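Being a predicted model, the structure only gives us computed values, none of them experimental.
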Protein chains: 2
Amino acid sequence: MPPARRTDTADRILDVAERLVQVHGFNGFSYADVSTKVRIRKASLHYHFPTKAGLGTALIARYQGAFLKALEEIDRAGGEARGKLEKYASLYANVLRQRRMCLCGMLAADFETLPKPMRDGVTAFFAANEAWLAKLLEAGRRCGELRFEGSGAAVATFLVSSLEGAMLIARSYGSVPRFELVVKKLLDDLTPPA
Amino acid sequence: MPPARRTDTADRILDVAERLVQVHGFNGFSYADVSTKVRIRKASLHYHFPTKAGLGTALIARYQGAFLKALEEIDRAGGEARGKLEKYASLYANVLRQRRMCLCGMLAADFETLPKPMRDGVTAFFAANEAWLAKLLEAGRRCGELRFEGSGAAVATFLVSSLEGAMLIARSYGSVPRFELVVKKLLDDLTPPA
DNA sequence: GTCTATAGGTGGATAGAC
DNA sequence: GTCTATCCACCTATAGAC
């Protein structure tokens, strides 16, 4: 097979569109915006992504794939539960540092205006996040590294909600420390006292 | 002075526009949408609100006014700190039950596309919420009804973030119980064990 | 205050040459 | 694959009659 190009046109389109959605929302960007940044004509974009709905669906699929890969990376590195949770929170913080909102958090706001396939992708993203967290939480509690009441799944729902909300509001204030304040409280409440 | 009409045209426009923003976002609705629901021509809307930015600013001002009035109501009713926090969370839950997002939470997602006056209104809303919560939290801790570490202000930031995030995601799932699960955890963690 | 009419621009999307 | 050219629907906003 031919050597894969480092960044083909479709990928560059996705890169630009992803950033635009994370900053302006799905209804806040246009093919014209993408066209300018990618330096290709609007009509050419439609060759790669015929419809905006299709582009949106591709964005979610790629984002979720990259996120899950990052979660596997955290698992592979090993270490204590608290450290893993800190790495997890860093995934969010690193997005916020680029003045972006989580792609799926942003799409959750646009949810009612999205086509069905995009809606399904958004909820699947949250479900995958919570499943990973729930497993980590249960394991952490079993070996005494974490402390919490109720099911791991319930706490996972709580964590994802809080992180997405903290991101949403911290971005309005342009304040990463504001986000980190929330992360610290979340993690401290899960860690047993020394 | 003349008897105030129960709902004048400007108010009806605000009612319809508010709902549209809470459901579809600021970039997801148009004067045409409002026009249809209010049963008045597009051009007539511009008589009451010349620009969309002005309409948006008016929406925020009215929303914050109504919210602060609800907070005063909670204060006036008195009772224990936990009960007050439950009422506070109910303000959010009642919005979610109408399948809406908090107006300012939604606008926080649209933040980067908003004109300056709207941005300022959004952050002012969160600041007012946190100020009210911080006072309630500090008072509740002083009299032993609440337990938490750090400043009331820090916990207030945490609460608003978590509630907005829980709302955002629960709405995607169309699940109010999902939101209430998060509320229960937030409040239980603040309430000392019996 | 509400209407008709329209301006002036941008939206997503398509046709067909190269 | 990328281009020019274009379609048509929709956008916010304005002019001016009633």
Side-chain angles (χ1 to χ4, degrees), chain A residues 1-21 23-60 106-107 109-110 112-119, chain B residues 2-21 23-60 106-107 110 112-119:
Chain A
M1 57 188 165
R5 269 147 302 175
R6 192 66 45 176
T7 52
D8 66 5
T9 306
D11 279 337
R12 282 168 50 222
I13 293 170
L14 289 172
D15 288 341
V16 168
E18 181 179 89
R19 189 189 150 273
L20 283 168
V21 174
V23 175
H24 295 113
F26 194 69
N27 298 314
F29 87 103
S30 70
Y31 269 49
D33 296 330
V34 179
S35 167
T36 305
K37 297 264 184 189
V38 179
R39 305 256 235 118
I40 194 179
R41 296 288 155 183
K42 261 199 306 172
S44 307
L45 296 176
H46 285 279
Y47 169 79
H48 298 279
F49 301 97
T51 67
K52 201 184 179 186
L55 171 57
T57 306
L59 282 175
I60 296 169
M106 181 61 86
L107 293 176
D110 298 327
E112 291 298 319
T113 70
L114 301 180
K116 184 75 164 37
M118 287 186 69
R119 293 188 188 192
Chain B
R5 268 146 304 176
R6 195 66 43 179
T7 53
D8 66 4
T9 306
D11 279 337
R12 283 168 50 223
I13 293 169
L14 288 172
D15 288 341
V16 168
E18 181 178 88
R19 190 189 148 272
L20 284 168
V21 173
V23 175
H24 295 114
F26 194 70
N27 298 314
F29 87 103
S30 70
Y31 269 48
D33 298 329
V34 178
S35 167
T36 305
K37 298 265 184 188
V38 179
R39 305 258 235 115
I40 195 179
R41 295 290 154 181
K42 266 194 302 173
S44 307
L45 296 176
H46 285 280
Y47 169 80
H48 298 280
F49 300 97
T51 69
K52 200 184 180 187
L55 171 58
T57 307
L59 281 175
I60 296 169
M106 181 61 85
L107 293 176
D110 298 326
E112 291 298 319
T113 71
L114 301 180
K116 184 76 163 39
M118 287 186 68
R119 292 189 189 192

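Between the side chain of B:Asp8 and the backbone N or O of B:Asp11 there is at least one donor-acceptor pair closer than 3.5 Å. Here the side chain of A:Lys37 pairs no donor or acceptor atom with the backbone of A:Leu20 at under 3.5 angstrom. Looking at A:Arg119, its side chain never comes within 3.5 Å of a backbone N or O of A:Thr113 through a donor-acceptor pair.
Protein atom CG of B:Asp33 is 17 Å distant from nucleotide atom P of D:dA9, rounded to whole Å. Between the CZ atom of B:Arg12 and the C1' atom of C:dG1 there is a distance of 12 Å, given to the nearest Å. Straight-line distance from the CG atom of B:Leu20 to the P atom of D:dT12: 11 Å, rounded to whole Å. In this structure, B:Asp11 atom CG and C:dG1 atom P are separated by 12 Å, rounded to whole Å. One atom, CZ of A:Phe29, and another, P of C:dT10, lie 17 Å apart when rounded to the nearest Å. For B:His24 and D:dC10, the NE2 to C1' distance is 16 Å, given to the nearest whole Å. What separates OH of B:Tyr31 from P of C:dT4 is a distance of 18 Å, to the nearest Å.
Counting all heavy atoms, side chain and backbone alike, B:Leu14 lies closest to B:Ala58 at CD2-CB, 4.1 Å. The two residues A:Ser35 and A:Lys42 come nearest to each other via the heavy atoms OG-N, 3.5 Å. The minimum heavy-atom distance between B:Tyr31 and B:Leu45, with the atom names listed, is O-CD1, 3.2 Å.
Between D:dT12 and B:Thr51, no contact under 4.0 Å exists linking OP1 or OP2 to a side-chain N or O. Taking only side-chain nitrogens and oxygens, B:Ser30 comes nearer than 4.0 Å to OP1 or OP2 of D:dC11.
Looking at residues 40-49 of chain A, you'll see A:Ile40, A:Arg41, A:Ala43, A:Ser44, A:Tyr47, A:His48 sit with a heavy atom under 4.0 Å from some atom of DNA chain D.
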